[in-house]
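Just the heavy atoms: all of them, side chains too, but no hydrogens, waters or symmetry mates, feed the values below. Protein chains get the first letters and strands the later ones, always in sequence-line order, with residue 1 at the start of each.
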Number of protein chains: 2
Amino acid sequence: MSPISITIKDVARELGVSYSSISRALNGKEGVSKETRDKILEMAEKMGYQPNDLARGLVNKISKTVGVIVPDINNPFFGEIVAGITDASSENEYNIFLCVSGWSVKREKEYFNTLIQKRVDGIILKSVGDYNDYENIKSPLMIIERYDRNQKFDSVEVDNEFGGYLATKHLLECGYRKLGFISGREDDSACKRRLRGAQKALEEYGLTLNKDLVIEGSFSIEGGRVAAKQLFEKGQPIDAIFGMNDLIALGALQYCDETGISIPDEVGVVGFDNISYAGLPQIRLTTVHQPKYELGKMLFATLLEEIHNKEEKKPTKKIILNPELKIRKTTRAK
Amino acid sequence: MSPISITIKDVARELGVSYSSISRALNGKEGVSKETRDKILEMAEKMGYQPNDLARGLVNKISKTVGVIVPDINNPFFGEIVAGITDASSENEYNIFLCVSGWSVKREKEYFNTLIQKRVDGIILKSVGDYNDYENIKSPLMIIERYDRNQKFDSVEVDNEFGGYLATKHLLECGYRKLGFISGREDDSACKRRLRGAQKALEEYGLTLNKDLVIEGSFSIEGGRVAAKQLFEKGQPIDAIFGMNDLIALGALQYCDETGISIPDEVGVVGFDNISYAGLPQIRLTTVHQPKYELGKMLFATLLEEIHNKEEKKPTKKIILNPELKIRKTTRAK
DNA sequence: GCATATTTAACAAACGTTTGCTATGATGAA
DNA sequence: TTCATCATAGCAAACGTTTGTTAAATATGC
C-alpha cells in the first residue's frame, strides 16, 4: 500500500540516510557529498517525490505565493493586467491566488483576510473601497490605481489625470463643446483623477465642468448604455461623451446605435484603457491607451522587490506610466 | 516587540490556557466550556489572531485551494469560465491558483507540478497537450473540453459536435456552399469534434469536407486574420467561414474588412463561444453560444464533490451542456 | 604517527496547527 | 462517604519540512 503522498522520510528510509541529508541534497545546499547527493536525487526522482510546499512555507515563512484582488476579471483591462502578473510571477516561480471581488467591498475584505491566512508573501490589490482600511497591514502590498492620501503603499499606474486631459482636449479640438462624462463608480480614484484632467482641458477652452453632465454608471457595457440613456434624457444638449473606460464607451456607442444617433458626426465618443476590442475595424473606438500587460508585469516585479527587502523600510514607490491617445473613428477629424 | 504574526500559542500564553483549547474553541469543537470559549474568542479577536492555513493544511491534509490551468486568460471564453470558477469557489471558502499556460505544453506541465507541490485539493485543467499524460494522478482532476480516450477524468463541456453541426447547417441553410474552416490548433479536441459536426451537416447536403479548406490557425484575432488570408489566397472560391472560436471569426471579419469583402453577402461568417463582444451592435457575429459562466460553476461544483468523495471510486462523470445557435448579422437571412 | 582541521552525515528542535489520550475536579448515585 | 460518571482542560505526538549543533570519519600538516 503506497502512501498517499511520499515524503522526504520515505526517501530517507529507502536509502538508509537521514532526512536532513535529503533536504540538503534537494535544495542544493552544501554538507552532502556528490556521491550521496546523486544517489538521493536519483531515488527521489524514481519514487516520484514531490516536496510539500505547505511544510516548506511553514518553516521558511515564505509561501512563494501572492494574492491578486481585482473587481472584475472579464473586463479586459484587468484581464490583461492579470496576464502580466501571472507571466511575471511564473518567471519567478511564484503562484498567484486570483480573487474577484465583483466590486463588493465586503468580498474584497473577506478575500484579503483569507489571503493573509494563506500566508501569501504579498498582495496586489485594486480596492473598491478605502485603501486606508489596510493601513496597518504588515505584508507587502501593491496597489493598482492608488489613491491613499497617506501614500503608504507602493503603486504602479498610468497618469490618469493626464489621460483624462488628453481625451477631453481631443474632443474639444474636434469641435465638440457639449461634453458629457460617464464615470464608473462614485468614488473610484482613477475616475476622479481623469475628471480632474478633463476639467483642466475644459478650462483651457474657457469652459467648465458641469456636475450635471457627469453620470455615475458602472464599469460595464450595460452600465455605459444606461448611463448614456440617462445623460441624453436629461434634456441638455450633448455632442460628446467621455466614458471612463472602454466598456462604458462601448455601451454609449450601443445606446447611440439603438437610438439612431450618428457617430462621430452628431456625437463623439472617447473611452479609456484601449482594450483589444476597441481596435476592431467595426468599432475603432477613440480611446486612451494604458499599457496594461506592462502594468501587470511591473506590479509583480515591484512587489517582489518589496518582498525581498521586507526588512529595510524604504520610502514608498509610486511608479507612473504614460497613457497615450489613440485617435480612431468615434471622434471626427479635427 | 510584537511577533511578526501572532499564533495560537501567543493567545494561549496570554490567557494561561493550553493551546489545544484554543484550537478547539476556534474550530467550534466540543471540549471547551462556554465560558473559556468566549474568553478565547474574544482574546483572539483582540490580538488580531489569524490562523495559519499552511500549518492547518499540513495537519488536515486539506488546503482549501484548487488550481486552474487555462491557456489564455484574455480569451473571454476562458475569462468567463474562470469567473464562474472563482465565484463558485469563494462560495465554498476555497481559493484558486490561476495558471496561464499560454498554449505551451511545457508550461502547463510545470504549472501542474507546482500545483501538486502546493498540495491543492484538486485541479481544473484545459490541457493543450495529451490528457493521458496525467493518467496516474491521484488528486481530483476536472477537465475542460476533455477528450481522453480512456475517459479517466471527470469533465464538463458543451456538446461540441452538435455545436459544429448547428453552425455549419446554418451556413448551408443560408445558401452558402463553399465553406472554409479555421481551426485553432491542430490537435485541439474541441475543434476536432466541431469539425466532425460540420462534416455531418455537409453530408446532409450531399457535400463533403475538403481538407484543403481547413486551415490551422491559432485561437486569436490575429490568428483568424492570417488564416483567413491564407484561405482566400488558396485560390479556391470561398463564400463562408466557420471560425472555431469567436476570436478567429473576428479576425476573419477583420480580413474581410481590409480587403473589401462584404459580409454577409459575399461571405458569411460564424464563430463559436458567443463571447460578450460578439453581440455588440457593431459586430453582431453569428455564433454558437456556450454557457461559459455556468460551465465554470459546474466545473468547480463537480470538482468539489470529487474532493469530498475522494475515497470511493465512482465512475467518471461527463457532464454535457447544450450549445445554442445565435443568428446575427454576419450570415445572410435564409 | 599524532594532533588538528575539514568534510560528511545524523540528531533534534522548530515552524503552527490538530487531536487522541490522560489527568483533574466536579457531580451524582448508592 | 465512596465510587463511578462526566465535563473540562492539559500533554504530547503528529503533519513534512529546514537547519543549527554535534558526532564521526576522513584528510591535512608536521
Side-chain angles (χ1 to χ4, degrees), chain A residues 2-41 43-44 47-65 114 116-121 138-139, chain B residues 2-41 43-44 47-65 114 116-121 138-139:
Chain A
S2 79
I4 317 296
S5 173
I6 92 121
T7 80
I8 232 176
K9 297 193 185 181
D10 299 316
V11 183
R13 195 177 322 117
E14 199 72 22
L15 248 34
V17 87
S18 78
Y19 32 98
S20 35
S21 297
I22 309 273
S23 171
R24 286 188 245 263
L26 256 26
N27 294 311
K29 306 221 161 160
E30 54 184 16
V32 228
S33 67
K34 172 138 177 42
E35 194 186 7
T36 45
R37 179 185 304 270
D38 289 348
K39 200 172 58 176
I40 287 170
L41 260 28
M43 179 56 88
M47 296 179 70
Y49 168 76
Q50 296 275 23
N52 184 328
D53 280 352
L54 297 172
R56 279 194 171 167
L58 188 56
V59 13
N60 291 337
K61 291 172 168 338
I62 287 198
S63 61
K64 287 277 192 178
T65 270
T114 71
I116 298 291
Q117 294 181 190
K118 289 273 190 310
R119 295 299 190 266
V120 295
D121 296 342
K138 59 281 172 201
S139 39
Chain B
S2 78
I4 316 297
S5 171
I6 94 118
T7 80
I8 231 174
K9 297 193 187 182
D10 299 317
V11 183
R13 195 178 320 116
E14 200 71 22
L15 248 32
V17 87
S18 78
Y19 30 100
S20 33
S21 296
I22 309 273
S23 172
R24 287 188 245 264
L26 255 26
N27 293 310
K29 304 218 165 164
E30 54 183 16
V32 225
S33 67
K34 170 136 180 40
E35 194 187 8
T36 44
R37 179 183 304 270
D38 289 349
K39 199 173 60 177
I40 288 170
L41 260 29
M43 179 57 87
M47 297 178 72
Y49 167 75
Q50 296 276 24
N52 183 329
D53 280 352
L54 297 172
R56 280 225 242 241
L58 189 57
V59 13
N60 292 336
K61 292 174 167 334
I62 288 199
S63 62
K64 288 276 192 178
T65 271
T114 70
I116 297 292
Q117 294 180 190
K118 289 272 189 316
R119 294 297 189 268
V120 294
D121 296 341
K138 59 280 171 204
S139 39

Original post:
Quick one: OH on B:Tyr49 to OG1 on B:Thr7, what's the gap to the nearest 0.5 Å?
Top reply: 7.0 Å
**OP:** Have a look at A:Asn27 and say if it touches a base, only the backbone sugar-phosphate, or nothing, with a 4.0 Å heavy-atom cut-off.
**Re:** sugar-phosphate
Original post:
Given axes from five pairs at either end, by how many degrees does the helix from C:dG1-D:dC30 to C:dA30-D:dT1 bend, rounded to 10°?
Top reply: 50°
**OP:** Answer with base, sugar-phosphate or nothing: what part of the nucleic acid does B:Asn60 contact at a heavy-atom distance below 4.0 Å?
**Re:** sugar-phosphate
Original post:
Do any of residues 14-24 of chain A sit with a heavy atom less than 4.0 Å from DNA chain D, and if so which?
Top reply: A:Ser20, A:Ser23, A:Arg24
Subject >> Pairing residues for B:Arg56 by the side chain to side chain contact (heavy atoms under 4.5 Å, CB included) criterion, not counting sequence neighbours >> reply: B:Asn27, B:Pro51, B:Asp53, B:Asn60
**OP:** Check the distance between D:dT17's C1' and A:Arg13's CZ and give it to me in whole angstrom.
**Re:** 15 Å
Original post:
Heavy atoms, side chains only, cut-off 4.5 Å: are A:Arg24 and A:Glu30 in contact?
Top reply: no
Subject >> Step-by-step side chain to side chain donor-acceptor pair (under 3.5 Å) determination, A:Arg37 to A:Ser21 >> reply: CA-CA 8 Å; A:Arg37 179 185 304 270; A:Ser21 297; over 6 Å; no
Subject >> Interatomic spacing from CG in A:Leu15 to CE in A:Met47 - rounded to 0.5 Å >> reply: 8.5 Å
**OP:** Taking A:Ser20 for its side chain and A:Ser18 for its backbone only, find out whether a donor-acceptor pair lies under 3.5 Å.
**Re:** no
Original post:
Where the side chain of B:Lys29 is defined as all heavy atoms beyond and including C-beta, which of C:dG16, C:dT19, D:dT19 is the nearest nucleotide?
Top reply: C:dT19
Original post:
Can you find a pair of side-chain heavy atoms, one from B:Lys118 and one from B:Thr65, that are under 4.5 Å apart?
Top reply: no
Original post:
Taking for each residue the nucleotide of DNA chain D bearing the nearest heavy atom, is the 5' side occupied by B:Gly31 or by B:Arg119?
Top reply: B:Gly31
Original post:
Do A:Asp121 and A:Ser139 have side-chain heavy atoms sitting under 4.5 Å apart?
Top reply: no
Original post:
Does a nitrogen or oxygen in the side chain of B:Lys61 sit under 4.0 Å from OP1 or OP2 of D:dG16?
Top reply: yes
**OP:** Have a look at A:Glu35 and say if it touches a base, only the backbone sugar-phosphate, or nothing, with a 4.0 Å heavy-atom cut-off.
**Re:** nothing
Original post:
If you check the B:Ile8 side chain, which of C:dT18, D:dG16, D:dT8 turns out closest?
Top reply: C:dT18
Original post:
What is the minimum heavy-atom distance between A:Ser5 and A:Asp10, and which atoms define it?
Top reply: O-OD2, 4.1 Å
**OP:** Using only side-chain N and O atoms of A:Thr36, determine if any of them is under 4.0 Å from OP1 or OP2 of C:dA9.
**Re:** yes
Original post:
Quick one: which of C:dT18, D:dT17, C:dG16 gets closest to the side chain of A:Ala55?
Top reply: D:dT17
